[in-house]
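Here is the structure we will look at.
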Amino acid sequence: MRRDDPMTAVGQRADAALRLHMLLKARLVREHMSAFYETIERPLAPVVAAMEDAGVKVDRAALAELSRDFALRIAELERTIWRDVGSEFNIGSPKQLGDVLFEKLQLPGGKKGKTGAYGTDAGILETLAPLHPVPAQVLEWRQLTKLKSTYADALGQEIDSQTGRVHTSFALAATATGRLSSSEPNIQNIPIRTEEGRKIRHAFVAEPGHLLLSADYSQIELRLAAHVADVAELKQAFQAGHDIHALTASEVFGVPLDRMDPQTRRRAKAINFGIIYGISAFGLGNQIGVPQGEAAAFIRAYFERFPGIRAYMEKIKAEARSAGFVETIFGRKCFIPGIRDANPMRRAGAERQAINAPLQGSAADIIKRAMGRLPAALTAAGLKACMLLQVHDELLFETPEDEVEATARLVKEVMETACAPRCELSVPLVVETGWARSWDEAH
DNA sequence: ACTATCACG
DNA sequence: ACGTACGTGATAGTA
């Protein structure tokens, strides 16, 4: 474009967008991704735009009260920690904390990382907790400062003073697997796992006369693993609605189902997570607190019971090596850049990505497909529900109180049949729904 | 700008 | 011997 071209700035932008469109469309055709794009991605854009525009109501006063409560408890913990250490220091400085724990208090632990700093993350502090009161106090201090700074304070600043709502930005093409991401503020990492954290989630509420409806896929990635690896026993367990972690525990550890204990089931659950992540003995051992050798034995036992899973992992790694990418059930390509790396460690990391990406990515395809269909389905049913948020395997709606049950039934149906008719699964998808005035109670 | 940490699925 | 669980984003400290 010449500088003296009479075209306006707006016209130049439109021209650039048109050229970019032609370029990208040609690439979609060349790579046979047009149908995928038109089915999954393009219908999603207006849906996500409407979600961003709608926002979600957050109780500013509740967050402010939490902030004050957290501040008091943080200050008290700070005094206790300083007293037990015998000096004042910045607890939020990993450097100073490392010096305190491993030099001043002489707790056992080593340097690590290329920076030569002491590690002080939650796993390490948990290991040290039986030896001294300070590590557990620091863990609680960290939890409360996280909740205060990231959620009670920063999230509170994002609330629109007119509407009382927060409006996130969803990125549709930011991740390697096809998931959405959320930022400014990120509403895909709102606390839920601890009682204190749930107090934050409790501040996400419905307008008067309305309810928040949550619908989430149950164990979707594990179901997809059973499907793509074609493991008869796992598929049957999902078809029968059995407890999959208990079944895994029974098979791997030889404990009869009617005598299953929580500890054994918890280990099996960690193994199942490991399968989705592209399991390693180090990672599993670290997660469940057993030596790497013991974890390796668990993995061997698992593969003996479910040889189809191992076969699938070998197949998908070979596919990634030859093509440089793996595919989801709807045909999305997930590129695996390090798969031919000469460095064994980096290559192993890429192999875990190759195992995980089709599972995480297929789950992303499925929920995107459901999201693309839901607005029209709701309208056709005469329901006024508004889709607000997506958190990877969960959708959150705001509905008039008297429509919530009908909406829940419709949403569940659309989500559970999201694969049809293009790619039928050999395992059922199950969606659980719940509703309440607040997001935490809707679960 | 980078690192460590931690919130979520 | 090495040193890793998969995918994100926000905050505070460090340099």
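All chains are named by letter (A, B, ...) in the order of the sequence lines, taking the proteins before the strands, and each is independently numbered beginning at 1.
At the heavy-atom level, A:Ser181 lies under 4.0 Å from the strands shown only through sugar-phosphate atoms. Contacts of A:Gln292 with the nucleic acid, taken as non-hydrogen atoms under 4.0 Å apart, include base atoms. Across all strands, A:Ala270 comes closer than 4.0 Å to base atoms (heavy-atom distances). A:Ala363 comes within 4.0 angstrom of no nucleic acid atom, judged by non-hydrogen atoms across all strands. A:Ala281 comes within 4.0 angstrom of no nucleic acid atom, judged by non-hydrogen atoms across all strands. A:Ile190 comes within 4.0 angstrom of sugar-phosphate atoms only, judged by non-hydrogen atoms across all strands, and of no base. In this structure, A:Gln360 reaches the bases: a heavy-atom distance under 4.0 Å links it to at least one base atom across the strands shown. No engagement by A:Ile187 is indicated, since no non-hydrogen atom pair under 4.0 Å with the nucleic acid exists.
We find that CD1 of A:Ile355 is positioned 10 Å from P of C:dC6, with the value rounded to whole Å. Between the CZ atom of A:Phe204 and the C1' atom of B:dC8 there is a distance of 12 Å, given to the nearest Å. Here C:dT4 presents its P atom at 21 Å from CD1 of A:Ile275, a figure rounded to the nearest Å. The CH2-C1' distance, from A:Trp141 to B:dT5, rounds to 11 Å in whole Å. For the pair A:Leu97 CG and B:dT5 P, the computed distance is 9 Å after rounding to whole Å. Summarising the geometry, the separation between CG on A:Leu222 and C1' on C:dA5 is reported as 15 Å, rounded to the nearest angstrom. Rounded to a whole Å, the CD atom of A:Glu294 is 20 Å from the P atom of C:dA5. We find that NZ of A:Lys148 is positioned 22 Å from P of B:dT5, with the value rounded to whole Å.
Between A:Lys148 and A:Asp153 there is a salt bridge, with a side-chain nitrogen of the basic residue lying less than 4.0 Å from a carboxylate oxygen of the acidic one. Remark: A:Glu416 engages A:Lys412 in a salt bridge, criterion side-chain N to carboxylate O under 4.0 Å. Classification of A:Glu31 and A:Lys333 as a salt-bridged pair holds, one side-chain N sitting under 4.0 Å from a carboxylate O. Using a cutoff of 4.0 Å between basic side-chain nitrogens and carboxylate oxygens, A:Arg73 and A:Glu76 are not scored as salt-bridged. Using a 4.0 Å cut-off between charged nitrogen and carboxylate oxygen, A:Glu398 and A:Arg165 count as a salt-bridge pair. Residues A:Glu221 and A:Arg179 are paired through a salt bridge, judged by an N-O separation under 4.0 Å between the basic side chain and the carboxylate. Salt-bridge formation is not detected for the pair A:Asp440/A:Arg201: no Lys NZ or Arg NE/NH1/NH2 atom is positioned less than 4.0 Å from an Asp or Glu carboxylate oxygen. A salt bridge links A:Glu196 with A:Lys199: the distance from a Lys NZ or Arg NE/NH1/NH2 to an Asp or Glu carboxylate oxygen falls below 4.0 Å.
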Exercise answer: donor-acceptor pairs, residues 355-366 of chain A side-chain atoms, under 3.5 Å, sequence neighbours excluded:
| residue | atom | partner | partner atom | Å |
| --- | --- | --- | --- | --- |
| A:Asn356 | OD1 | A:Gln360 | NE2 | 3.3 |
| A:Asn356 | ND2 | A:Ile276 | O | 3.0 |
| A:Gln360 | OE1 | A:Thr177 | OG1 | 2.8 |
| A:Ser362 | OG | A:Ile329 | N | 3.0 |
| A:Ser362 | OG | A:Pro358 | O | 2.5 |
| A:Asp365 | OD1 | A:Arg332 | NE | 3.0 |
| A:Asp365 | OD1 | A:Arg332 | NH2 | 3.0 |
| A:Asp365 | OD2 | A:Thr328 | OG1 | 2.5 |

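Remark: the separation of the P atoms in C:dG3 and B:dC8 is 30 Å, to the nearest Å. Spacing between C:dT4 and B:dT3 at atom P, rounded to whole Å, works out to 14 Å. Atom name P, nucleotides C:dA5 and B:dA4: the rounded distance is 13 Å, in whole Å.
A donor and an acceptor atom never sit less than 3.5 Å apart when one is taken from the side chain of A:Arg179 and the other from the base of C:dT8. Counting atom types as modelled, A:Arg193 pairs a side-chain N or O with a base atom of B:dG9 as donor and acceptor under 3.5 Å.
Proximity of A:Thr177 to the phosphate of C:dC6: no side-chain N or O atom is located under 4.0 Å from OP1 or OP2. When the side-chain nitrogen and oxygen atoms of A:Gln188 are compared with OP1 and OP2 of B:dA7, none of them lie within a distance under 4.0 Å. Between A:Arg352 and the phosphate of C:dA5, there is no side-chain N or O to OP1/OP2 separation shorter than 4.0 Å.
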If a pair means Watson-Crick or G-U wobble with both distances below 3.5 Å, what does DNA chain C look like in dot-bracket form, with | marking bases paired to a different strand? .....|||||||||.
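Listed nucleotides B:dG9, B:dT5, B:dA7 differ in distance to A:Asp121; the shortest reach to its side chain belongs to B:dT5. Comparing C:dT8, B:dA7, C:dC6 by their closest approach to the side chain of A:Gln143 singles out B:dA7. If you check C:dA5, C:dT8, C:dC6 against the side chain of A:Ile279, the one that comes closest is C:dA5.
Checked by atom type, the side-chain pair A:Thr175/A:Ser181 shows no donor-acceptor distance below 3.5 Å.
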Counting primed atoms plus P, OP1 and OP2 as sugar-phosphate and everything else as base, spell out the protein contacts along nucleotides 10-15 of chain C at 4.0 Å heavy-atom distance: B, S or - for each nucleotide, 5' to 3'. BSSSSS
Worked check of side-chain contact (heavy atoms from CB on, under 4.5 Å) between A:Leu172 and A:Leu44: CA-CA 9 Å; A:Leu172 279 69; A:Leu44 195 65; 4.1 Å; yes
